[in-house]
Amino acid sequence: MRAQTHHGGQWQDAASGATITVKDPYTGEIAGSVPSLGEAEIRAAIAAAEKAFPRWSRTPNRERGVLLRRWLDLIERHKEDLAQLITLENGKPLKEARAEIAYGSGFIELYAEEATRIMGEIIPPNMPGRRLMAEREPIGVCVAITPWNFPMAMLTRKIAPALAAGCTMVCKPASETPLTALALAVLAEEAGIPAGVLSVVTSEPALFGDIVTASSVVRKITFTGSTRVGAILMSASGPTIKRLSLELGGNAPLLVFDDADLDLAIETAMVAKFRNGGQSCIAANRIYVQRGIYEDFLAAFQKRVAALKVGDGFDPETDIGPLISRRAVEKVEAHLDDALAGGARLIAGGKSDGSLLSPATLLRDVAPNALLAREETFGPLAGVIPFGSYEQGIAMANDTPFGLAAYLCSSRQETIARASRDLETGMIGINTGLISTASAPFGGVKQSGIGREGSKHGIDEYLNYKYLCHAGL
Ligand code: ADP
């Protein structure tokens, strides 16, 4: 395990000797420690990225793609070790860690190819004797700030398009899960990605945020995390007019209409709510079920929720690992208490036993204005709210400042088409809770963010157009 940070081709400890301790959330034991870099070291990482940019941006696209491909091959070769590292520092079950690596690898595979398809345009001239062209060029030095819930995939979906486009990048992983990020940096170095092109630094978050937002060398920040921190980064980036990609809070609704296939609706709810223990920005946070199917849905859902096993991520029987922190457990329990106080009934699960294990929990008859319908719970607590008409369901689903993902279950084409149009979100799962794939554009509307990651469009976030007007021909 590498417990130094990597920038400018150097592996380093913090000059101050300061460290960040990483804990195994299941055992509570120390899993490792990484340097907490200071201002001069963060600036050195940015300077290394600036120095590496001219050469990397002029490296033929195909060669950049080949290097990404080599990185992917090494990740594939070490995927079991990486999965263990993810489970160690994040707590998620090994099977989910493996699934994350497959998902995260998809971005590298995609953008290794997209690197060769970055095309400009030749535009019909506006007057005789002219040739108009629009070239595409990389933005420059980019910074990525990522959360702990997907320690690998949140990084690869930023690094792969940035490097494919010809940008250089300084990444700061979440303090809870820096080990996976550093392992990825080891493999990138081994793959031959040149010094300074990709750096992974670990530091106190606000210090890093202050330095990178104020830096005029940093041309772009790509961030996945809370809306609160996204807003801080956005306003701090104002004076230096940075490009931003923000993937923020979700508060996703799931709408189950009377005409839904019950089995499909249960499967959708299970995946949309409990994948990653509910610790996902696209997790179904509010489950609205139409009255005609309400009791049948609850009876079947209760059985499935009650059967979920919460425990050690390394145990193959485990469905849900520990939550990431005490604060996370407290938030889930505050949502539970608030819903109960508002008249909801507990029909599966309950509170944590004092550890970070939060039981898979189901509440019925939750009031529409409960906290769990307004804020992201980020844990394995499902609250079901009944609704009457189509219009009422859609109105409740849209009654939020967020707009990342939504899910709907129906077997009528008309309901599906109407709801797909009426839901104000960037993504919709129709009869499925599993929507994430590298090949589709991921992102939100409203306060859920700016920009898209994944798909052929994801690379646009790291490119500018340069217009050339050639006269006198
Ligand atoms: P979460 O609540 O999921 O931890 P955060 O938005 O707090 O979400 O964290 C997401 C990422 O943002 C992490 O890498 C975290 O260290 C980082 N972060 C937190 N505060 C700041 C800040 N003020 N400036 C820059 N990055 C920050």
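Given the structure is predicted, the values throughout are model-derived calculations rather than measurements.
Within 6.0 Å of the CE atom in Met234, the count of heavy atoms belonging to other residues, nucleotides or ligands does not exceed 12. Applying the 6.0 Å contact sphere to CZ of Arg327 captures no more than 12 heavy atoms from other residues, nucleotides or ligands. Within a 6.0 Å sphere centred on NZ of Lys446, heavy atoms belonging to other residues, nucleotides or ligands number more than 12.
Here the side chains of Trp148 and Met154 are not in contact, with every heavy-atom distance at 4.5 Å or above. A 4.5 Å side-chain heavy-atom check between Lys23 and Glu176 finds every atom pair outside the cut-off. Between Ser436 and Arg275 there is a side-chain heavy-atom pair separated by less than 4.5 Å. Side-chain contact check for Leu244 versus Ser237: some heavy-atom pair is nearer than 4.5 Å. Counting heavy atoms from C-beta outward, Leu163 and Ile193 have side chains that approach closer than 4.5 Å. Residues Thr268 and Leu254 form a side-chain contact, since some pair of their non-hydrogen atoms from C-beta on lies under 4.5 Å apart. With a 4.5 Å cut-off on side-chain heavy atoms, Glu453 and Thr224 count as touching. Between Val384 and Val366, every side-chain heavy-atom pair lies at or beyond the 4.5 Å cut-off.
Looking only at atom types and distance, the side chain of Glu76 has no donor-acceptor partner in the side chain of Ser105 under 3.5 Å away. Inspection of the Tyr294 and Asp365 side chains reveals an N or O donor paired with an N or O acceptor under 3.5 Å. For the 3.5 Å distance criterion, the side chains of Asn464 and Arg219 fail to qualify, holding no donor opposite an acceptor. For Tyr462 and Arg243, the side-chain atoms include no donor-acceptor pair closer than 3.5 Å. Inspection of the Thr377 and Asn285 side chains reveals an N or O donor paired with an N or O acceptor under 3.5 Å. When only modelled atom types and interatomic distance are considered, Ser410 and Asp259 share a side-chain donor-acceptor pair under 3.5 Å.
The line from CG of Leu255 to CD of Gln392 is 10.5 Å long, rounded to the nearest 0.5 Å. Annotation: the span from Thr425 atom OG1 to Asn251 atom CG amounts to 11.5 Å, rounded to 0.5 Å. We find the OG-CD1 distance between Ser203 and Ile211 to be 7.0 Å, quoted to the nearest 0.5 Å. Distance check: Asp258 CG to Cys409 SG gives 12.5 Å after rounding to the nearest 0.5 Å. Rounded to the nearest 0.5 Å, atoms OG (Ser245) and CZ (Arg452) are 10.0 Å apart. Note that CD of Glu461 and SG of Cys167 are 11.0 Å apart. Values are rounded to the nearest 0.5 Å.
Within the 3.5 Å criterion, the main-chain N or O of Ser36 finds no donor-acceptor partner in the side chain of Thr202. Side chain of Thr87 to main chain of Gly313: no donor-acceptor pair is present (N/O by atom type, distance under 3.5 Å, no hydrogens or angles). Remark: side-chain polar atoms of Thr318 are not paired, donor with acceptor, to backbone N or O of Gly321 under 3.5 angstrom. Not a single donor-acceptor pair under 3.5 Å links the side chain of Glu424 to the backbone N or O of Val445. A donor-acceptor contact shorter than 3.5 Å links the side chain of Asn276 to the backbone of Asn149. Counting only distance, with no hydrogens or angles, the side chain of Lys79 and the backbone of Arg98 share no donor-acceptor pair below 3.5 Å. At least one donor-acceptor pair under 3.5 Å links the side chain of Glu333 to the backbone N or O of Ser352. Formation of a donor-acceptor pair under 3.5 Å by the Asn398 side chain with backbone atoms of Asp422 is found in this model. Between the side chain of Lys242 and the main chain of Ser215, a donor-acceptor pair closer than 3.5 Å is present. Put simply, the side chain of Arg374 never gets that close to the backbone of Pro368: no donor and acceptor are under 3.5 Å apart.
Classification of Arg418 and Glu391 as a salt-bridged pair holds, one side-chain N sitting under 4.0 Å from a carboxylate O.
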Working for side chain to side chain contact (heavy atoms under 4.5 Å, CB included), residues Ser358 and Val310: CA-CA 7 Å; Ser358 188; Val310 181; 6.0 Å; no

Given Lys456 and Glu113, is the salt bridge (Lys or Arg N to Asp or Glu O under 4.0 Å) satisfied, shown in steps? CA-CA 10 Å; Lys456 66 176 184 176; Glu113 293 173 6; over 6 Å; no

Could you go through the side chain to side chain contact (heavy atoms under 4.5 Å, CB included) check for Val305 and Phe274 one step at a time? CA-CA 9 Å; Val305 175; Phe274 293 105; 3.8 Å; yes

Which is it for Asp319 and Lys95 under the side chain to side chain contact (heavy atoms under 4.5 Å, CB included) test, yes or no, and what are the steps along the way? CA-CA 9 Å; Asp319 298 305; Lys95 58 191 168 197; 3.5 Å; yes

Check the pair Thr400, Arg286 against side chain to side chain contact (heavy atoms under 4.5 Å, CB included), reporting the backbone distance first and the verdict last. CA-CA 11 Å; Thr400 170; Arg286 314 169 272 149; 3.6 Å; yes

Criterion salt bridge (Lys or Arg N to Asp or Glu O under 4.0 Å) on Glu247 and Arg157, from CA distance to verdict: CA-CA 12 Å; Glu247 204 267 272; Arg157 81 174 174 185; 2.8 Å; yes

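In summary, the aromatic rings of Trp71 and Tyr111 are positioned with their centroids too far apart to meet the 6.0 Å limit.
Glu376 meets the salt bridge (Lys or Arg N to Asp or Glu O under 4.0 Å) test with no other residue; sequence neighbours excluded.
Heavy atoms only, all atoms of each residue included: Leu323 and Pro25 are closest at O-CB, 3.6 Å. Between Leu336 and Lys351, the shortest heavy-atom contact is CD2-CG, 3.8 Å. Across all their heavy atoms, Ile320 and Gly277 have their closest contact at CG2-CA, 3.8 Å. Nearest heavy-atom pair, Ala419 versus Leu408, reported as atom, atom and distance to 0.1 Å: CB-CD2, 3.6 Å. Closest of all the heavy-atom pairs between Leu248 and Leu404 is O-CD2, 3.9 Å. Residues Lys92 and Asn90 come closest through the heavy atom pair N-OD1, 3.0 Å.
Listed by first and then second residue, the ring pair (Phe, Tyr, Trp, His ring centres under 6.0 Å) pairs involving residues 220-260 are Phe257-Phe387, Phe257-Tyr390 (not counting sequence neighbours).
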